[in-house]
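Beneath this line is the structure, given in C-alpha coordinates, with notes to follow.
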Amino acid sequence: MKDIVALCKRRGFIFPASDIYGGLNGFWDYGPLGVELKNNLRDRWWRDMVIAPPLGPDGTPVNIVGLDSSIIQNPKCWEASGHVGGFNDPMVDCRESKKRYRADHVFVLIPKDGEGHAFAFDQDAEDVEIEKRLKKLSRGKSVADFNKEVLDQVPLDMFSNIIGPDVKTAGTLTEPRQFNMMFHTYVGATASEDNKAYLRPETCAGIFLNFKNVVDSSRVKVPFGIAQIGKAFRNEVTPRNFIFRSREFEQMELEWFCAEEDVPMWFDFWVEQRRAFWLSLGLPKSELHFLDVDKADLAHYSSRTIDIEYRFPFAAPGFDELEGIAHRGNYDLTQHQEFSGQKLDYFDQAENKRFLPHVIEPSTGLTRGVLALICQAYTVDENRPSGVYLDFHPSMAPKKAAILPLTAKDKHVPTAQKLYLDLRDEFVVDLDIKQNIGKRYARQDEIGTPYCFTIDNETAEDHSVTVRDRNTMAQERIHLDKVKDFLREKINGRS
RNA sequence: GCGGGUAUAGCACAAUGGUAGUGCAACAGCCUUCCAAGCUGAUUAUGCGGGUUCGAUUCCCGCUACCCGCUCCA
(Lines give C-alpha, C1' and ligand atoms only; values in the text may rest on other atoms or scores of the structure.)
Protein backbone atom coordinates (compact mmCIF):
# COMPACT_ATOMS: atom_id res chain seq x y z
CA MET A 1 0.00 0.00 0.00
CA LYS A 2 2.87 2.32 0.82
CA ASP A 3 4.34 1.78 -2.63
CA ILE A 4 1.00 2.49 -4.26
CA VAL A 5 0.59 5.75 -2.35
CA ALA A 6 4.14 6.76 -3.31
CA LEU A 7 3.55 5.99 -6.99
CA CYS A 8 0.28 7.91 -6.95
CA LYS A 9 2.05 10.98 -5.67
CA ARG A 10 5.18 10.61 -7.81
CA ARG A 11 3.27 10.29 -11.05
CA GLY A 12 0.44 12.68 -10.36
CA PHE A 13 -2.55 10.48 -9.56
CA ILE A 14 -3.38 11.48 -6.02
CA PHE A 15 -1.87 14.07 -3.68
CA PRO A 16 -2.59 14.83 -0.03
CA ALA A 17 -4.98 17.81 0.04
CA SER A 18 -3.36 21.05 1.22
CA ASP A 19 -0.02 19.30 0.93
CA ILE A 20 2.10 22.43 1.37
CA TYR A 21 0.28 23.21 4.61
CA GLY A 22 0.93 19.76 5.99
CA GLY A 23 -2.17 18.13 4.59
CA LEU A 24 -5.63 17.74 6.10
CA ASN A 25 -6.74 14.49 7.63
CA GLY A 26 -9.22 12.72 5.40
CA PHE A 27 -8.93 14.84 2.26
CA TRP A 28 -7.16 14.07 -1.00
CA ASP A 29 -6.62 15.81 -4.32
CA TYR A 30 -6.69 14.14 -7.71
CA GLY A 31 -3.76 15.08 -9.93
CA PRO A 32 -3.51 15.27 -13.73
CA LEU A 33 -3.63 11.49 -14.19
CA GLY A 34 -5.95 10.82 -11.26
CA VAL A 35 -8.64 13.05 -12.64
CA GLU A 36 -8.46 11.29 -16.03
CA LEU A 37 -8.78 7.92 -14.35
CA LYS A 38 -11.64 9.08 -12.14
CA ASN A 39 -13.45 10.64 -15.10
CA ASN A 40 -13.04 7.43 -17.10
CA LEU A 41 -14.68 5.40 -14.37
CA ARG A 42 -17.38 8.01 -13.81
CA ASP A 43 -18.20 8.29 -17.53
CA ARG A 44 -18.30 4.54 -17.93
CA TRP A 45 -20.79 4.21 -15.05
CA TRP A 46 -22.93 6.99 -16.48
CA ARG A 47 -22.85 5.39 -19.92
CA ASP A 48 -23.81 1.97 -18.55
CA MET A 49 -26.56 3.40 -16.36
CA VAL A 50 -28.04 6.39 -18.15
CA ILE A 51 -26.91 6.56 -21.79
CA ALA A 52 -27.06 2.86 -22.58
CA PRO A 53 -28.60 1.03 -19.64
CA PRO A 54 -28.79 -2.76 -19.73
CA LEU A 55 -31.59 -4.88 -21.10
CA GLY A 56 -34.02 -5.93 -18.41
CA PRO A 57 -35.01 -9.51 -17.59
CA ASP A 58 -37.66 -9.37 -20.32
CA GLY A 59 -35.14 -8.33 -22.98
CA THR A 60 -36.20 -4.70 -23.35
CA PRO A 61 -33.96 -1.81 -22.25
CA VAL A 62 -34.61 -0.51 -18.78
CA ASN A 63 -35.41 3.13 -18.31
CA ILE A 64 -33.03 5.30 -16.29
CA VAL A 65 -32.70 9.07 -16.19
CA GLY A 66 -29.99 11.24 -14.70
CA LEU A 67 -30.00 13.91 -12.03
CA ASP A 68 -27.58 16.33 -10.43
CA SER A 69 -29.02 17.61 -7.19
CA SER A 70 -27.64 20.21 -4.83
CA ILE A 71 -25.11 19.27 -2.17
CA ILE A 72 -26.94 21.42 0.37
CA GLN A 73 -30.64 20.70 0.82
CA ASN A 74 -33.26 21.92 3.20
CA PRO A 75 -32.15 20.64 6.63
CA LYS A 76 -35.53 18.99 7.13
CA CYS A 77 -34.44 16.53 4.47
CA TRP A 78 -31.86 15.12 6.90
CA GLU A 79 -34.36 14.95 9.70
CA ALA A 80 -36.61 12.86 7.49
CA SER A 81 -33.78 10.59 6.44
CA GLY A 82 -32.83 10.05 10.05
CA HIS A 83 -29.39 11.59 9.78
CA VAL A 84 -29.97 14.49 12.14
CA GLY A 85 -31.79 12.63 14.88
CA GLY A 86 -30.41 9.17 14.62
CA PHE A 87 -26.75 9.47 13.99
CA ASN A 88 -25.47 12.11 16.35
CA ASP A 89 -24.55 9.48 18.82
CA PRO A 90 -22.84 10.41 22.04
CA MET A 91 -19.75 8.24 22.45
CA VAL A 92 -17.87 7.30 25.56
CA ASP A 93 -14.27 6.11 25.71
CA CYS A 94 -12.78 3.93 28.36
CA ARG A 95 -9.32 5.13 29.29
CA GLU A 96 -8.27 1.73 30.56
CA SER A 97 -9.75 -0.81 28.15
CA LYS A 98 -9.26 1.62 25.24
CA LYS A 99 -12.70 0.69 24.01
CA ARG A 100 -15.32 3.06 22.74
CA TYR A 101 -19.00 2.72 23.41
CA ARG A 102 -22.14 4.40 22.21
CA ALA A 103 -23.51 6.01 25.34
CA ASP A 104 -27.05 4.99 24.43
CA HIS A 105 -25.91 1.38 24.07
CA VAL A 106 -24.53 1.16 27.56
CA PHE A 107 -26.64 0.94 30.69
CA VAL A 108 -25.56 1.57 34.24
CA LEU A 109 -26.70 -0.21 37.36
CA ILE A 110 -26.79 2.31 40.20
CA PRO A 111 -26.98 0.96 43.76
CA LYS A 112 -30.32 1.79 45.34
CA ASP A 113 -28.75 2.36 48.73
CA GLY A 114 -26.15 4.72 47.28
CA GLU A 115 -23.37 2.54 48.67
CA GLY A 116 -20.52 1.22 46.53
CA HIS A 117 -19.83 1.44 42.84
CA ALA A 118 -22.16 1.65 39.90
CA PHE A 119 -21.62 -0.83 37.10
CA ALA A 120 -21.82 -0.29 33.36
CA PHE A 121 -22.80 -2.99 30.89
CA ASP A 122 -23.15 -3.25 27.18
CA GLN A 123 -26.80 -3.39 26.15
CA ASP A 124 -26.23 -6.87 24.72
CA ALA A 125 -24.85 -8.27 27.96
CA GLU A 126 -26.66 -11.42 29.07
CA ASP A 127 -28.37 -11.63 32.41
CA VAL A 128 -26.17 -14.47 33.57
CA GLU A 129 -23.05 -12.48 32.84
CA ILE A 130 -24.42 -9.46 34.63
CA GLU A 131 -25.23 -11.39 37.80
CA LYS A 132 -21.86 -13.08 37.71
CA ARG A 133 -19.98 -9.83 37.39
CA LEU A 134 -22.04 -8.10 40.08
CA LYS A 135 -21.43 -10.93 42.47
CA LYS A 136 -17.71 -10.79 41.86
CA LEU A 137 -17.22 -7.02 42.02
CA SER A 138 -19.89 -5.84 44.47
CA ARG A 139 -19.67 -8.42 47.23
CA GLY A 140 -22.79 -10.37 46.49
CA LYS A 141 -25.29 -7.72 45.44
CA SER A 142 -27.75 -8.69 42.74
CA VAL A 143 -29.59 -6.83 40.00
CA ALA A 144 -32.50 -6.20 42.32
CA ASP A 145 -30.31 -3.94 44.45
CA PHE A 146 -29.76 -1.54 41.57
CA ASN A 147 -31.61 0.97 39.45
CA LYS A 148 -31.02 0.71 35.74
CA GLU A 149 -30.18 3.83 33.74
CA VAL A 150 -28.90 4.43 30.20
CA LEU A 151 -25.40 5.89 30.32
CA ASP A 152 -26.17 9.10 28.46
CA GLN A 153 -28.84 9.88 31.09
CA VAL A 154 -26.45 9.47 33.98
CA PRO A 155 -25.27 12.75 35.54
CA LEU A 156 -21.61 13.53 34.84
CA ASP A 157 -20.60 13.75 38.49
CA MET A 158 -21.40 10.07 38.89
CA PHE A 159 -18.95 8.96 36.22
CA SER A 160 -16.04 8.70 38.64
CA ASN A 161 -17.99 6.01 40.50
CA ILE A 162 -18.86 3.92 37.45
CA ILE A 163 -16.95 0.79 36.62
CA GLY A 164 -16.80 0.46 32.84
CA PRO A 165 -18.09 -2.61 30.98
CA ASP A 166 -14.66 -4.14 30.41
CA VAL A 167 -12.66 -3.07 33.44
CA LYS A 168 -12.56 -3.61 37.20
CA THR A 169 -11.83 -0.11 38.45
CA ALA A 170 -14.09 2.92 38.60
CA GLY A 171 -13.74 6.24 36.82
CA THR A 172 -12.22 5.11 33.55
CA LEU A 173 -15.06 6.32 31.33
CA THR A 174 -14.78 9.70 29.65
CA GLU A 175 -17.73 12.03 29.49
CA PRO A 176 -20.03 11.43 26.50
CA ARG A 177 -18.98 13.29 23.37
CA GLN A 178 -21.08 14.02 20.34
CA PHE A 179 -19.90 12.47 17.12
CA ASN A 180 -21.71 14.27 14.36
CA MET A 181 -21.14 12.52 11.08
CA MET A 182 -22.49 15.42 9.04
CA PHE A 183 -20.56 18.53 8.13
CA HIS A 184 -22.65 21.58 8.78
CA THR A 185 -22.55 25.12 7.56
CA TYR A 186 -24.77 28.18 7.63
CA VAL A 187 -26.82 29.41 4.71
CA GLY A 188 -26.61 33.19 4.44
CA ALA A 189 -24.13 35.66 5.76
CA THR A 190 -24.99 35.36 9.43
CA ALA A 191 -24.41 32.18 11.36
CA SER A 192 -27.14 31.04 13.69
CA GLU A 193 -28.99 27.85 14.55
CA ASP A 194 -31.90 29.10 12.42
CA ASN A 195 -30.00 28.79 9.16
CA LYS A 196 -27.88 25.78 9.93
CA ALA A 197 -27.57 23.44 6.96
CA TYR A 198 -25.69 20.28 6.16
CA LEU A 199 -23.41 19.03 3.41
CA ARG A 200 -25.02 15.87 2.13
CA PRO A 201 -23.63 12.67 3.63
CA GLU A 202 -24.93 10.71 0.65
CA THR A 203 -26.21 11.61 -2.80
CA CYS A 204 -29.36 9.50 -2.77
CA ALA A 205 -31.49 11.92 -0.76
CA GLY A 206 -31.50 14.37 -3.64
CA ILE A 207 -33.00 11.66 -5.81
CA PHE A 208 -35.88 11.02 -3.43
CA LEU A 209 -36.51 14.73 -3.08
CA ASN A 210 -36.83 15.00 -6.84
CA PHE A 211 -38.84 11.83 -7.34
CA LYS A 212 -42.07 13.69 -7.99
CA ASN A 213 -40.38 16.27 -10.23
CA VAL A 214 -38.85 13.56 -12.36
CA VAL A 215 -42.06 11.55 -12.63
CA ASP A 216 -44.02 14.66 -13.60
CA SER A 217 -41.50 15.87 -16.17
CA SER A 218 -39.88 12.85 -17.74
CA ARG A 219 -42.64 10.48 -18.82
CA VAL A 220 -41.02 7.66 -16.88
CA LYS A 221 -43.06 4.72 -15.67
CA VAL A 222 -42.39 2.35 -12.82
CA PRO A 223 -40.13 0.43 -12.99
CA PHE A 224 -37.49 3.04 -13.71
CA GLY A 225 -34.32 4.45 -12.23
CA ILE A 226 -32.78 7.81 -11.35
CA ALA A 227 -28.99 7.99 -11.35
CA GLN A 228 -26.69 10.52 -9.80
CA ILE A 229 -22.96 11.03 -9.40
CA GLY A 230 -21.56 13.54 -6.97
CA LYS A 231 -19.61 14.48 -3.91
CA ALA A 232 -20.66 13.47 -0.45
CA PHE A 233 -19.23 14.43 2.92
CA ARG A 234 -18.92 12.54 6.18
CA ASN A 235 -17.04 13.56 9.25
CA GLU A 236 -15.53 10.13 9.67
CA VAL A 237 -14.16 9.38 13.09
CA THR A 238 -11.06 7.83 11.59
CA PRO A 239 -10.25 8.43 7.94
CA ARG A 240 -7.96 5.59 6.98
CA ASN A 241 -6.34 3.65 4.21
CA PHE A 242 -5.48 6.33 1.68
CA ILE A 243 -8.60 7.42 -0.22
CA PHE A 244 -10.65 4.42 0.96
CA ARG A 245 -12.33 6.24 3.82
CA SER A 246 -12.04 9.96 3.29
CA ARG A 247 -14.20 12.78 4.54
CA GLU A 248 -14.97 14.13 1.10
CA PHE A 249 -15.66 11.48 -1.49
CA GLU A 250 -17.67 10.80 -4.58
CA GLN A 251 -20.61 8.46 -5.02
CA MET A 252 -22.36 6.94 -7.98
CA GLU A 253 -25.87 5.96 -7.01
CA LEU A 254 -28.84 4.51 -8.79
CA GLU A 255 -32.26 4.45 -7.16
CA TRP A 256 -34.36 1.86 -8.94
CA PHE A 257 -38.08 2.31 -8.31
CA CYS A 258 -40.29 -0.74 -8.72
CA ALA A 259 -43.40 -2.45 -7.38
CA GLU A 260 -42.96 -4.31 -4.11
CA GLU A 261 -43.76 -7.68 -5.63
CA ASP A 262 -41.02 -7.27 -8.25
CA VAL A 263 -38.29 -6.51 -5.74
CA PRO A 264 -36.67 -9.99 -5.66
CA MET A 265 -36.40 -10.10 -9.45
CA TRP A 266 -34.88 -6.63 -9.75
CA PHE A 267 -32.60 -7.13 -6.79
CA ASP A 268 -30.99 -10.16 -8.43
CA PHE A 269 -30.91 -8.33 -11.73
CA TRP A 270 -28.93 -5.42 -10.32
CA VAL A 271 -26.52 -7.60 -8.42
CA GLU A 272 -25.70 -9.35 -11.69
CA GLN A 273 -25.36 -6.07 -13.59
CA ARG A 274 -23.02 -4.66 -11.02
CA ARG A 275 -20.94 -7.83 -10.95
CA ALA A 276 -20.57 -7.64 -14.73
CA PHE A 277 -19.60 -3.97 -14.50
CA TRP A 278 -16.63 -4.52 -12.21
CA LEU A 279 -15.50 -7.64 -14.05
CA SER A 280 -15.49 -5.74 -17.34
CA LEU A 281 -13.13 -3.16 -15.87
CA GLY A 282 -10.56 -5.76 -14.98
CA LEU A 283 -11.31 -6.61 -11.36
CA PRO A 284 -10.99 -10.40 -11.39
CA LYS A 285 -13.63 -12.69 -9.94
CA SER A 286 -11.14 -14.01 -7.40
CA GLU A 287 -10.66 -10.54 -5.89
CA LEU A 288 -14.37 -9.78 -5.54
CA HIS A 289 -16.61 -11.02 -2.80
CA PHE A 290 -20.39 -10.77 -2.54
CA LEU A 291 -21.48 -10.37 1.04
CA ASP A 292 -25.11 -10.97 1.86
CA VAL A 293 -25.22 -8.62 4.81
CA ASP A 294 -26.41 -10.28 7.99
CA LYS A 295 -29.88 -9.23 9.15
CA ALA A 296 -28.47 -7.90 12.41
CA ASP A 297 -26.03 -5.61 10.60
CA LEU A 298 -28.52 -4.18 8.13
CA ALA A 299 -29.36 -0.50 8.14
CA HIS A 300 -32.70 0.14 9.79
CA TYR A 301 -34.47 0.80 6.50
CA SER A 302 -33.12 -2.18 4.62
CA SER A 303 -34.44 -5.71 4.51
CA ARG A 304 -31.66 -6.99 2.31
CA THR A 305 -28.25 -5.69 1.27
CA ILE A 306 -25.46 -7.25 -0.73
CA ASP A 307 -22.06 -5.66 -0.47
CA ILE A 308 -19.67 -6.05 -3.35
CA GLU A 309 -16.31 -6.26 -1.69
CA TYR A 310 -12.85 -6.05 -3.19
CA ARG A 311 -9.65 -7.46 -1.78
CA PHE A 312 -7.98 -4.13 -1.06
CA PRO A 313 -4.33 -4.59 0.01
CA PHE A 314 -5.02 -3.21 3.49
CA ALA A 315 -7.87 -5.68 3.94
CA ALA A 316 -6.11 -8.73 2.49
CA PRO A 317 -6.58 -11.59 2.86
CA GLY A 318 -10.07 -10.21 3.60
CA PHE A 319 -12.19 -7.81 1.62
CA ASP A 320 -13.64 -4.36 2.06
CA GLU A 321 -16.72 -2.67 0.67
CA LEU A 322 -16.70 -1.27 -2.83
CA GLU A 323 -20.41 -1.10 -3.52
CA GLY A 324 -23.62 -1.79 -1.66
CA ILE A 325 -26.83 -2.96 -3.26
CA ALA A 326 -29.63 -2.30 -0.82
CA HIS A 327 -33.33 -2.91 -0.83
CA ARG A 328 -34.48 0.24 0.93
CA GLY A 329 -38.16 -0.62 0.82
CA ASN A 330 -40.18 2.54 0.50
CA TYR A 331 -38.65 3.97 3.64
CA ASP A 332 -37.26 7.12 2.03
CA LEU A 333 -40.34 8.13 0.08
CA THR A 334 -42.47 7.40 3.15
CA GLN A 335 -40.29 9.57 5.37
CA HIS A 336 -40.06 12.46 2.93
CA GLN A 337 -43.78 12.30 2.28
CA GLU A 338 -44.44 12.55 5.98
CA PHE A 339 -41.91 15.28 6.76
CA SER A 340 -42.67 17.40 3.71
CA GLY A 341 -46.43 16.92 3.74
CA GLN A 342 -46.28 16.39 -0.02
CA LYS A 343 -47.83 13.40 -1.71
CA LEU A 344 -45.10 11.31 -3.28
CA ASP A 345 -47.09 8.25 -4.32
CA TYR A 346 -47.04 6.99 -7.86
CA PHE A 347 -50.18 6.43 -9.91
CA ASP A 348 -50.15 3.32 -12.04
CA GLN A 349 -52.67 3.91 -14.78
CA ALA A 350 -52.75 0.32 -16.03
CA GLU A 351 -53.50 -1.06 -12.59
CA ASN A 352 -55.44 2.01 -11.55
CA LYS A 353 -53.78 2.24 -8.18
CA ARG A 354 -51.56 4.52 -6.16
CA PHE A 355 -48.53 3.32 -4.22
CA LEU A 356 -45.10 4.28 -2.95
CA PRO A 357 -42.62 2.33 -5.06
CA HIS A 358 -39.96 0.21 -3.42
CA VAL A 359 -36.35 1.07 -4.05
CA ILE A 360 -33.29 -0.96 -4.93
CA GLU A 361 -30.14 1.05 -4.59
CA PRO A 362 -26.84 0.06 -6.16
CA SER A 363 -24.56 2.60 -4.53
CA THR A 364 -20.86 2.68 -5.21
CA GLY A 365 -17.97 4.86 -4.21
CA LEU A 366 -16.42 6.40 -7.30
CA THR A 367 -13.28 7.18 -5.36
CA ARG A 368 -13.22 3.68 -3.89
CA GLY A 369 -13.56 2.36 -7.42
CA VAL A 370 -10.56 4.42 -8.45
CA LEU A 371 -8.58 2.95 -5.57
CA ALA A 372 -9.61 -0.58 -6.51
CA LEU A 373 -8.58 -0.01 -10.13
CA ILE A 374 -5.19 1.34 -9.05
CA CYS A 375 -4.59 -1.49 -6.57
CA GLN A 376 -5.59 -4.10 -9.13
CA ALA A 377 -3.43 -2.52 -11.83
CA TYR A 378 -0.32 -2.23 -9.68
CA THR A 379 1.99 -4.96 -10.96
CA VAL A 380 5.53 -5.55 -9.83
CA ASP A 381 7.84 -6.74 -12.61
CA GLU A 382 11.52 -6.88 -11.80
CA ASN A 383 12.35 -7.67 -15.40
CA ARG A 384 11.58 -4.21 -16.66
CA PRO A 385 13.42 -0.95 -16.01
CA SER A 386 10.57 0.69 -14.13
CA GLY A 387 10.22 -2.36 -11.85
CA VAL A 388 6.49 -1.83 -11.86
CA TYR A 389 3.68 -1.10 -14.26
CA LEU A 390 -0.01 -0.29 -14.00
CA ASP A 391 -2.07 -2.87 -15.81
CA PHE A 392 -5.16 -0.74 -16.36
CA HIS A 393 -7.90 -1.91 -18.65
CA PRO A 394 -7.23 0.20 -21.78
CA SER A 395 -10.60 1.93 -21.44
CA MET A 396 -9.70 3.09 -17.92
CA ALA A 397 -6.07 4.08 -18.54
CA PRO A 398 -5.60 7.84 -18.06
CA LYS A 399 -3.48 7.96 -21.22
CA LYS A 400 -4.46 5.66 -24.04
CA ALA A 401 -1.21 5.92 -25.95
CA ALA A 402 2.10 7.75 -26.14
CA ILE A 403 3.61 8.97 -29.39
CA LEU A 404 7.36 8.74 -29.25
CA PRO A 405 9.80 9.90 -31.92
CA LEU A 406 12.76 7.57 -31.55
CA THR A 407 15.13 10.54 -31.46
CA ALA A 408 14.59 14.24 -31.00
CA LYS A 409 15.83 14.79 -34.54
CA ASP A 410 13.95 16.40 -37.39
CA LYS A 411 13.49 13.14 -39.22
CA HIS A 412 11.26 11.76 -36.43
CA VAL A 413 9.67 14.66 -34.62
CA PRO A 414 7.41 16.24 -37.28
CA THR A 415 5.77 12.92 -38.11
CA ALA A 416 5.20 12.29 -34.42
CA GLN A 417 3.63 15.70 -33.96
CA LYS A 418 1.32 15.12 -36.87
CA LEU A 419 0.21 11.76 -35.48
CA TYR A 420 -0.29 13.30 -32.04
CA LEU A 421 -2.55 16.05 -33.38
CA ASP A 422 -4.50 13.52 -35.37
CA LEU A 423 -5.09 11.21 -32.40
CA ARG A 424 -5.82 13.69 -29.66
CA ASP A 425 -9.21 14.62 -31.05
CA GLU A 426 -10.39 11.15 -30.22
CA PHE A 427 -8.05 9.80 -27.54
CA VAL A 428 -6.17 11.10 -24.54
CA VAL A 429 -2.59 10.72 -25.75
CA ASP A 430 0.88 11.91 -24.79
CA LEU A 431 3.59 13.23 -27.06
CA ASP A 432 6.98 12.69 -25.44
CA ILE A 433 10.10 13.75 -27.30
CA LYS A 434 12.83 14.14 -24.71
CA GLN A 435 15.32 11.53 -23.49
CA ASN A 436 16.14 8.09 -24.69
CA ILE A 437 13.44 5.67 -25.69
CA GLY A 438 13.92 3.32 -22.75
CA LYS A 439 13.24 5.99 -20.19
CA ARG A 440 10.11 7.02 -22.01
CA TYR A 441 8.78 3.47 -22.18
CA ALA A 442 9.48 3.09 -18.48
CA ARG A 443 7.59 6.25 -17.65
CA GLN A 444 4.57 5.15 -19.67
CA ASP A 445 4.65 1.77 -17.92
CA GLU A 446 4.44 3.46 -14.55
CA ILE A 447 1.36 5.45 -15.48
CA GLY A 448 -0.28 2.50 -17.19
CA THR A 449 -0.36 3.69 -20.80
CA PRO A 450 -1.31 0.57 -22.76
CA TYR A 451 0.34 1.45 -26.09
CA CYS A 452 3.33 3.39 -27.37
CA PHE A 453 3.72 4.34 -31.01
CA THR A 454 7.32 4.94 -32.02
CA ILE A 455 8.39 6.81 -35.14
CA ASP A 456 11.76 5.66 -36.52
CA ASN A 457 13.72 5.73 -39.79
CA GLU A 458 11.47 3.14 -41.38
CA THR A 459 8.48 5.40 -40.84
CA ALA A 460 9.80 7.83 -43.43
CA GLU A 461 10.23 4.99 -45.90
CA ASP A 462 7.06 2.93 -45.54
CA HIS A 463 4.79 4.96 -43.23
CA SER A 464 4.83 2.29 -40.56
CA VAL A 465 5.34 2.74 -36.82
CA THR A 466 6.05 0.28 -34.06
CA VAL A 467 3.39 -0.42 -31.47
CA ARG A 468 4.77 -1.41 -28.13
CA ASP A 469 2.43 -3.31 -25.82
CA ARG A 470 2.64 -2.31 -22.16
CA ASN A 471 2.09 -5.74 -20.65
CA THR A 472 4.21 -7.87 -22.97
CA MET A 473 6.69 -5.21 -24.09
CA ALA A 474 6.37 -6.85 -27.50
CA GLN A 475 6.50 -4.72 -30.64
CA GLU A 476 4.80 -4.94 -33.97
CA ARG A 477 4.74 -2.64 -36.96
CA ILE A 478 1.52 -1.16 -38.29
CA HIS A 479 0.79 1.40 -40.96
CA LEU A 480 0.30 5.00 -39.86
CA ASP A 481 -3.18 4.99 -41.36
CA LYS A 482 -4.15 2.05 -39.15
CA VAL A 483 -3.20 3.62 -35.84
CA LYS A 484 -6.62 5.10 -35.14
CA ASP A 485 -8.45 1.88 -35.94
CA PHE A 486 -5.96 -0.02 -33.81
CA LEU A 487 -6.78 2.16 -30.80
CA ARG A 488 -10.49 2.09 -31.44
CA GLU A 489 -10.49 -1.67 -31.44
CA LYS A 490 -8.23 -2.11 -28.43
CA ILE A 491 -9.84 0.54 -26.27
CA ASN A 492 -13.49 0.45 -27.19
CA GLY A 493 -13.57 -3.11 -28.44
CA ARG A 494 -14.74 -1.92 -31.84
CA SER A 495 -13.19 -0.37 -34.94
C1' G B 1 -10.85 9.44 20.19
C1' C B 2 -6.97 5.70 22.42
C1' G B 3 -2.17 2.94 22.03
C1' G B 4 2.36 2.05 19.13
C1' G B 5 5.53 3.68 15.09
C1' U B 6 7.39 7.14 11.40
C1' A B 7 8.76 12.22 9.52
C1' U B 8 16.09 14.59 6.00
C1' A B 9 15.40 16.61 -1.98
C1' G B 10 10.24 13.75 -6.30
C1' C B 11 11.95 8.58 -4.48
C1' A B 12 15.55 5.42 -1.65
C1' C B 13 19.01 6.08 1.99
C1' A B 14 23.34 8.68 4.84
C1' A B 15 25.38 12.09 8.50
C1' U B 16 26.01 15.64 12.42
C1' G B 17 25.13 20.05 19.01
C1' G B 18 29.05 23.99 14.50
C1' U B 19 29.15 24.52 5.90
C1' A B 20 23.42 18.55 5.61
C1' G B 21 25.97 14.05 1.67
C1' U B 22 25.18 9.85 -1.98
C1' G B 23 22.35 7.11 -5.67
C1' C B 24 18.19 7.18 -8.83
C1' A B 25 14.41 10.23 -10.85
C1' A B 26 12.89 15.08 -12.73
C1' C B 27 15.07 19.53 -15.73
C1' A B 28 18.54 21.97 -19.79
C1' G B 29 22.00 20.43 -23.37
C1' C B 30 25.36 16.89 -26.00
C1' C B 31 25.26 12.00 -27.73
C1' U B 32 21.94 8.20 -29.10
C1' U B 33 18.07 3.96 -34.57
C1' C B 34 13.87 0.62 -29.53
C1' C B 35 13.61 -0.51 -23.21
C1' A B 36 15.58 4.11 -16.91
C1' A B 37 23.01 3.66 -21.24
C1' G B 38 27.04 7.66 -21.37
C1' C B 39 28.93 12.91 -20.76
C1' U B 40 28.15 18.13 -19.14
C1' G B 41 25.30 21.58 -16.46
C1' A B 42 21.72 23.81 -13.34
C1' U B 43 17.62 23.01 -9.63
C1' U B 44 15.73 20.61 -5.19
C1' A B 45 15.43 18.66 1.69
C1' U B 46 15.86 18.33 7.87
C1' G B 47 6.86 18.40 8.47
C1' C B 48 5.09 22.87 11.64
C1' G B 49 5.65 25.74 16.30
C1' G B 50 7.93 26.53 20.88
C1' G B 51 12.02 25.56 24.57
C1' U B 52 17.25 24.55 26.18
C1' U B 53 21.91 26.43 23.91
C1' C B 54 26.72 31.17 21.74
C1' G B 55 24.69 27.76 18.00
C1' A B 56 19.38 22.58 17.26
C1' U B 57 18.09 18.68 11.61
C1' U B 58 20.29 16.37 16.15
C1' C B 59 18.24 17.15 23.01
C1' C B 60 13.20 18.45 25.33
C1' C B 61 7.85 19.91 24.80
C1' G B 62 3.53 20.78 21.81
C1' C B 63 1.03 20.37 17.07
C1' U B 64 0.20 18.23 12.25
C1' A B 65 0.36 14.38 8.66
C1' C B 66 1.09 9.31 7.38
C1' C B 67 1.45 3.87 8.74
C1' C B 68 -0.12 -0.34 12.13
C1' G B 69 -3.64 -1.98 15.97
C1' C B 70 -8.30 -0.68 18.57
C1' U B 71 -12.78 2.19 17.92
C1' C B 72 -16.05 4.11 14.24
C1' C B 73 -18.06 3.27 9.36
C1' A B 74 -25.93 5.19 9.64
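Every chain is numbered from 1 and lettered A, B, ... according to where its sequence line falls, protein lines coming before strand lines. The model shown is predicted, which means the values in this text are computed figures rather than measured ones.
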- Item | B:C34 base / A:Gln475 side chain donor-acceptor hit below 3.5 Å |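 Present.
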- Message: Using a distance-only criterion (donor-acceptor N/O pair, under 3.5 Å, no hydrogens), is the base of B:C34 paired with the side chain of A:Thr466?
- Response: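 Per atom types, the contact qualifies.
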ring-ring contact (aromatic ring centres under 6.0 Å, His included) against [X], all qualifying residues, sequence neighbours excluded:
| X | result |
| --- | --- |
| A:Phe257 | A:Phe211, A:Phe224 |
| A:Phe242 | A:Trp28 |
| A:His289 | A:Phe319 |
| A:Tyr331 | A:His300, A:Tyr301 |

- Base-paired stems that RNA chain B participates in, counting runs of 3 or more Watson-Crick or G-U pairs under 3.5 Å: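 If one scans RNA chain B for consecutive Watson-Crick or G-U pairs, the stems found are B:1-7 with B:64-70, B:10-13 with B:21-24, B:27-30 with B:38-41, B:47-51 with B:59-63.
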Report the residues that fulfil side chain to side chain donor-acceptor pair (under 3.5 Å) with [X], sequence neighbours left out, ordered by chain and then residue number.
| X | answer |
| --- | --- |
| A:Ser302 | A:Thr305 |
| A:Tyr378 | none |
| A:Asp320 | none |

- Task: Please list, chain by chain and in numerical order, all residues satisfying salt bridge (charged side-chain N to carboxylate O under 4.0 Å, His left out) with A:Glu446, sequence neighbours excluded.
- Result: A:Arg10, A:Arg11
- Message: Quick test of your reading of the model: are A:Lys482 and A:Asp485 salt-bridged, counting only N-O distances below 4.0 Å?
- Response: no
- Query: Of all of residues 438-455 of chain A, which get a heavy atom below 4.0 angstrom from RNA chain B, listed by number?
  - Reply: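 Heavy-atom contacts with RNA chain B come from A:Gly438, A:Lys439, A:Tyr441, A:Ala442, A:Arg443, A:Glu446, A:Thr454.
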Nucleotides 65-67 of chain B: which of its N/O atoms have a protein N/O under 3.5 Å away?
unit_1 : atom_1 : unit_2   : atom_2 : d
B:A65  : OP1    : A:Asn25  : N      : 3.3
B:A65  : O4'    : A:Gly22  : O      : 3.2
B:C66  : OP2    : A:Asn25  : OD1    : 3.2
B:C67  : OP1    : A:Phe242 : N      : 3.3

- With a 4.5 Å limit on heavy-atom distance, are the side chains of A:Val429 and A:Thr449 in contact? no
For nucleotides 28-31 of chain B, which of its nitrogen or oxygen atoms have a protein nitrogen or oxygen under 3.5 Å away, and what is each distance?
unit_1 : atom_1 : unit_2   : atom_2 : d
B:G29  : OP2    : A:Lys434 : NZ     : 2.5

